[in-house]
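Worksheet: one structure, shown below.
Remember, it's a predicted structure, so these values are computed and weren't measured experimentally. Below, chains carry the letters A, B, ... as their sequence lines are ordered, and counting in each starts from 1.
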There are 2 protein chains.
Amino acid sequence: MDDLLTRLRQRDWRLTSQRRVVAEVLVGEHVHLTADEVHARAAELLPEISRATVYNTLGELVSLGEVREVTIDGRAKRYDPNVTGLHHHLVCTSCGLILDIPAIAGDPSPLARGSRFGFVVDAVDVTYRGTCPDCLAMDGERRVPQARGGSGRS
Amino acid sequence: MDDLLTRLRQRDWRLTSQRRVVAEVLVGEHVHLTADEVHARAAELLPEISRATVYNTLGELVSLGEVREVTIDGRAKRYDPNVTGLHHHLVCTSCGLILDIPAIAGDPSPLARGSRFGFVVDAVDVTYRGTCPDCLAMDGERRVPQARGGSGRS
DNA sequence: TCTCGACTTGGACGAAGTCCAAACTAGGTC
DNA sequence: GACCTAGTTTGGACTTCGTCCAAGTCGAGA
Ligand SMILES: [Mn+2]
Ligand SMILES: [Mn+2]
Ligand SMILES: [Zn+2]
Ligand SMILES: [Zn+2]
């Protein structure tokens, strides 16, 4: 966390309270938050922070490679501070829970020359979709598709 | 295509001109269209068709398993009539081109019992991101990130 | 402390999608 | 063919997520 701030200062980032707070929220709880969730948590520490600044800061962190942008469904993007260990995502389509799955060696096949169509490939996203244990249990009785919002620690 | 309509009639679908036209657009050109692109093309055949109906129809086709909903980025969802052969997607992050990659046997590792966390997994989405040959070529000169909108036949 | 370019802010704007009450119609019945 | 009605369609209002911008603020080097 302090690491992060040091690294950012070196890449000539002006260290503002807003940026500090956003970084703090992200590394603090390692879940896959949406921009608005980050904003809500940041606003607890710094009430005047604006949505625009949160979007700006998240965008910068993404281009600096410090945070990963994850698109799970067509809804809000999620921001993932876990960039050191490559991993995939396991998503519950019923409640929105998101878990990290460590990638195992040679996991997403590196796309043989033939099927690459001349592309230069620089990332692979893998998303497993299914139903989590809780939702499976709750399934026999009454289906309660539950409030959205993924929360899964890696 | 006529196949599709027959199948749908059997699942007691009321065969309206709107639905016929949407189906026609989808199977007609096998690209990954957004809902609004489907609407535009459908409107050429049936000018009065509304956006709401296109959204409704696409949603129904998805739940009937006749069309696959693909989330490439945080933008508009795309609708993929290729549901018979499982496949992944190869996306150009520069121009938006989307290509189908046939899945090879046991390709997305079926997620070993241990890393399944009690989930019942029923789908895996794999997206390769990179740069297409055209964008690579155009790259040395002047970077022209080009109009969005994927078009790739399978 | 001063200065200035980088940063922040709120509000307007835009894209994608959902919702709903009123109007319409496919297809079964006579 | 005329009739009926439940299933469909429609346009517009509304929601969510995100971007943009002109004006004001502030971090940090001198
Ligand atoms: Mn993650
Ligand atoms: Mn496809
Ligand atoms: Zn669940
Ligand atoms: Zn391209």
5' priority, DNA chain C, between Thr53(A) and Gly74(A) [closest heavy atom]: Thr53(A)
To the nearest Å, how far apart are [X] [atom1] and [N] [atom2]?
X        : N       : atom1 : atom2 : result
Glu69(A) : dT19(D) : CD    : P     : 8 Å
Glu37(B) : dA15(C) : CD    : C1'   : 13 Å
His39(A) : dT16(D) : NE2   : C1'   : 15 Å
Leu33(A) : dC17(D) : CG    : C1'   : 16 Å

So, are Arg11(A) and Glu60(A) salt-bridged, with charged N and O less than 4.0 Å apart? no
From C-beta outward on [X], which listed nucleotide comes closest to its side chain: [options]?
X        : options                  : value
Tyr55(B) : dT9(D), dT18(C), dG18(D) : dT18(C)
Arg14(A) : dG17(C), dT9(D), dA6(C)  : dA6(C)
Gln18(B) : dT9(C), dT9(D), dA16(C)  : dT9(D)

In terms of the nearest nucleotide of DNA chain D, which residue is placed more toward the 5' end: Thr34(A) or Asn56(A)? Thr34(A)
Please compare Ser17(B) and Leu15(A) by the position of their nearest nucleotide in DNA chain D and report the one closer to 5'. Ser17(B)
Look only at the side chain of Thr131(A) and the backbone of Cys92(A), and say whether a donor-acceptor pair between them is shorter than 3.5 Å. no
Check whether any side-chain N or O of Arg78(B) sits under 3.5 Å from a backbone N or O of His32(B) as a donor-acceptor pair, and report yes or no. yes
Are OP1 or OP2 of dA16(C) and a side-chain N or O of Arg75(B) less than 4.0 angstrom apart? yes
Counting just side-chain N and O atoms, does Arg19(B) come under 4.0 Å of either OP1 or OP2 of dA26(C)? no
So Thr16(B), base contact, sugar-phosphate only, or nothing? Heavy-atom distance under 4.0 Å. sugar-phosphate
When we call it a touch if two heavy atoms are under 4.0 Å apart, what does Ala52(B) touch: a base, just sugar-phosphate, or nothing? base
Should we say atom CG of Leu86(B) is surrounded by more than 12 heavy atoms from elsewhere, each under 6.0 Å from it? no
Tell me if the side-chain of Arg51(B) makes a donor-acceptor pair with the base of dG11(D), cut-off 3.5 Å, by modelled atom types. no
